[in-house]
Amino acid sequence: MEKSGRLLIVGGTGFIGRSVAREAINRRFQVSIISKNNCPKLKQIKGVEYIVVDITKKNELLLKLKGKLFDYVLNLGGYVNHTNYSSGGSGVYDAHFNGVRNLIDCLNKVGLKGFLQIGSSDEYGGNPAPQYENQRESPISPYSCAKVASTYFLQTLYKTERFPAIIFRPFLVYGPGQSDDRFIPQIIKGCLSGKSFPVSRGEQLRDFCFIDDFIEAVFLALDNKAAHGEVINIASGKPVSIKNMIEKIVSIVGFGRPKYGGIKYREGENMTLYGDISKSKYILDWEATTSLDQGLKKTFLFVNNNE
């Protein structure tokens, strides 16, 4: 059978990258993954080419990509870190913004049909909800600043050179396989422990998008010329309070002893962060179809079975 195309996933060994890679193999893509560190054999996906290189090291990246051609690139490079600039944030900025620049400089762009950059809802900073793509960004950390800089850089390349860039701004993607240091797996494990565990007061409003829905949006965007140069929110469009989320998880697990107010809010934290999804409906013909209850139950089963 004919292959669907050559897909490079940068940062493809993380939660989202692995999930997209598995689905890409199912859809008969030829998949390559760039990761900073070696992926253990037991975690490697059959049929995927693994390329080990730090994208902040341009000369090494150039050597690793020499002679390789890709139809599509999904950039998940970097890591979520809200450290201040003077406390190590310069490395975070480097990983995100300079990583993107190096990819653009080192990729062979012949035949490239789509470059999908995964930005962040944190780019909106303290903007009022629902956040929409035409709002002026208001980053509050080197991480979100680097994401904004990458957005503008890629849009400039689209406007001046017709580089096929698309920017997603996801709102809290979750699901089976997410690492234990993320919010929902933490709460599930806290409940399963049977012990009291600290959480914030839970007044924040957030938007949670299930991984299967996010993956569908990725494949709808890859070869969609109408999306080139655009910033697109990927979200459920249904805000929920953190406290409500915790109570839902307690109900699904069957027990749990969250201690509300045991964790302080993050300095500068936006209390209402949920996205307007009109653009994703219009350009991608996409909207989330997994209900919060369905997604949480699937995530709980995964966590419980892998305890």
Side-chain angles (χ1 to χ4, degrees), residues 1-14 16-79 90-119 146-147 149-168 218-219 221-225 227-229:
M1 292 177 65
E2 184 179 349
K3 288 286 185 181
S4 301
R6 298 159 297 188
L7 171 64
L8 173 65
I9 305 176
V10 182
T13 56
I16 294 177
R18 281 179 55 80
S19 301
V20 172
R22 283 193 293 264
E23 180 60 22
I25 291 292
N26 290 339
R27 297 187 184 211
R28 298 198 56 77
F29 280 82
Q30 181 179 320
V31 180
S32 299
I33 281 176
I34 283 181
S35 63
K36 185 177 179 180
N37 302 306
N38 278 303
C39 181
K41 286 284 186 183
L42 290 175
K43 292 188 176 182
Q44 291 185 13
I45 300 168
K46 186 178 179 181
V48 171
E49 174 194 25
Y50 287 85
I51 304 168
V52 180
V53 65
D54 184 342
I55 62 173
T56 65
K57 298 178 179 178
K58 186 174 179 179
N59 291 336
E60 293 180 18
L61 182 62
L62 191 61
L63 285 173
K64 291 284 187 175
L65 294 180
K66 186 177 181 180
K68 295 183 181 294
L69 290 172
F70 301 101
D71 300 296
Y72 312 100
V73 175
L74 170 63
N75 182 32
L76 291 151
Y79 48 95
S90 60
V92 179
Y93 189 93
D94 187 40
H96 289 277
F97 180 66
N98 290 326
V100 170
R101 287 180 58 206
N102 289 344
L103 283 169
I104 300 303
D105 288 345
C106 297
L107 282 167
N108 188 330
K109 300 171 193 63
V110 174
L112 185 65
K113 299 175 184 178
F115 184 102
L116 179 53
Q117 165 76 1
I118 304 303
K147 288 293 191 182
S150 299
T151 293
Y152 278 78
F153 173 59
L154 291 168
Q155 286 188 307
T156 298
L157 289 181
Y158 170 72
K159 292 172 184 175
T160 58
E161 302 177 27
R162 284 296 179 260
F163 182 75
I166 307 154
I167 299 97
F168 273 6
V218 167
F219 287 103
L222 285 180
D223 204 15
N224 187 335
K225 291 183 179 179
H228 290 177

- Message: Run the side chain to side chain contact (heavy atoms under 4.5 Å, CB included) test against E23 and tell me which residues pass, sequence neighbours left out.
- Response: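 N26, R27, I215, F219.
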Just how far is it from atom [atom1] of [X] to atom [atom2] of [Y], taken to the nearest 0.5 Å?
| X | Y | atom1 | atom2 | answer |
| --- | --- | --- | --- | --- |
| Y152 | I167 | OH | CD1 | 10.5 Å |
| K43 | N38 | NZ | CG | 13.0 Å |
| T13 | I33 | OG1 | CD1 | 7.0 Å |
| K159 | L157 | NZ | CG | 11.0 Å |

- Could you list the residues that satisfy salt bridge (Lys or Arg N to Asp or Glu O under 4.0 Å) with R6, not counting sequence neighbours?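 Counting only residues at least two positions away or on another chain, R6 forms a salt bridge (Lys or Arg N to Asp or Glu O under 4.0 Å) with D71.
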Answer yes or no: is there a donor N or O on one side and an acceptor on the other, between the side chain of [X] and the main chain of [Y], under 3.5 Å?
| X | Y | value |
| --- | --- | --- |
| R162 | Y158 | yes |
| K36 | G78 | no |
| R18 | I45 | no |

Heavy-atom closest contact ([X] atom, [Y] atom, distance):
| X | Y | result |
| --- | --- | --- |
| A24 | L7 | CB-CD2, 3.8 Å |
| Y72 | S4 | CE1-O, 4.3 Å |
| K147 | G119 | CD-CA, 3.9 Å |
| P164 | L112 | CG-O, 3.7 Å |

Under 3.5 Å, which donor-acceptor pairs link side chains of residues 94-110 to any protein atom two or more places apart or in another chain?
{"unit_1": "D94", "atom_1": "OD1", "unit_2": "N98", "atom_2": "ND2", "d": "2.7"}
{"unit_1": "H96", "atom_1": "NE2", "unit_2": "Y79", "atom_2": "N", "d": "3.1"}
{"unit_1": "H96", "atom_1": "NE2", "unit_2": "Y79", "atom_2": "O", "d": "2.8"}
{"unit_1": "N98", "atom_1": "OD1", "unit_2": "R101", "atom_2": "NH1", "d": "3.3"}
{"unit_1": "N102", "atom_1": "ND2", "unit_2": "I55", "atom_2": "O", "d": "2.8"}
{"unit_1": "N102", "atom_1": "ND2", "unit_2": "T56", "atom_2": "O", "d": "3.4"}
{"unit_1": "N102", "atom_1": "ND2", "unit_2": "N98", "atom_2": "O", "d": "3.4"}
{"unit_1": "D105", "atom_1": "OD2", "unit_2": "K58", "atom_2": "NZ", "d": "2.9"}
{"unit_1": "N108", "atom_1": "OD1", "unit_2": "V110", "atom_2": "N", "d": "3.0"}
{"unit_1": "K109", "atom_1": "NZ", "unit_2": "I104", "atom_2": "O", "d": "2.4"}
{"unit_1": "K109", "atom_1": "NZ", "unit_2": "L107", "atom_2": "O", "d": "3.3"}

- Message: Can you list everything that forms a side-chain hydrogen bond (donor to acceptor under 3.5 Å, both in side chains) with Y50? Sequence neighbours excluded, please.
- Response: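 Y50: no side-chain hydrogen bond (donor to acceptor under 3.5 Å, both in side chains) contacts found.
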- Query: Does F115 have any ring-ring contact (aromatic ring centres under 6.0 Å, His included) partners at least two apart in sequence or in another chain, and if so, which?
  - Reply: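 Listed in chain order: F163.
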Side chains of residues 59-69: which donor-acceptor pairs under 3.5 Å do they make with residues two or more places apart or in other chains?
{"unit_1": "K68", "atom_1": "NZ", "unit_2": "E49", "atom_2": "OE2", "d": "2.6"}

- In this structure, which one of V10, I9, V31 forms a side-chain contact (heavy atoms from CB on, under 4.5 Å) with L74?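 Answer after filtering V10, I9, V31: I9.
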Any side-chain heavy atom of [X] within less than 4.5 Å of one from [Y]?
| X | Y | value |
| --- | --- | --- |
| K46 | I25 | no |
| Q155 | T151 | yes |
| H228 | I166 | yes |

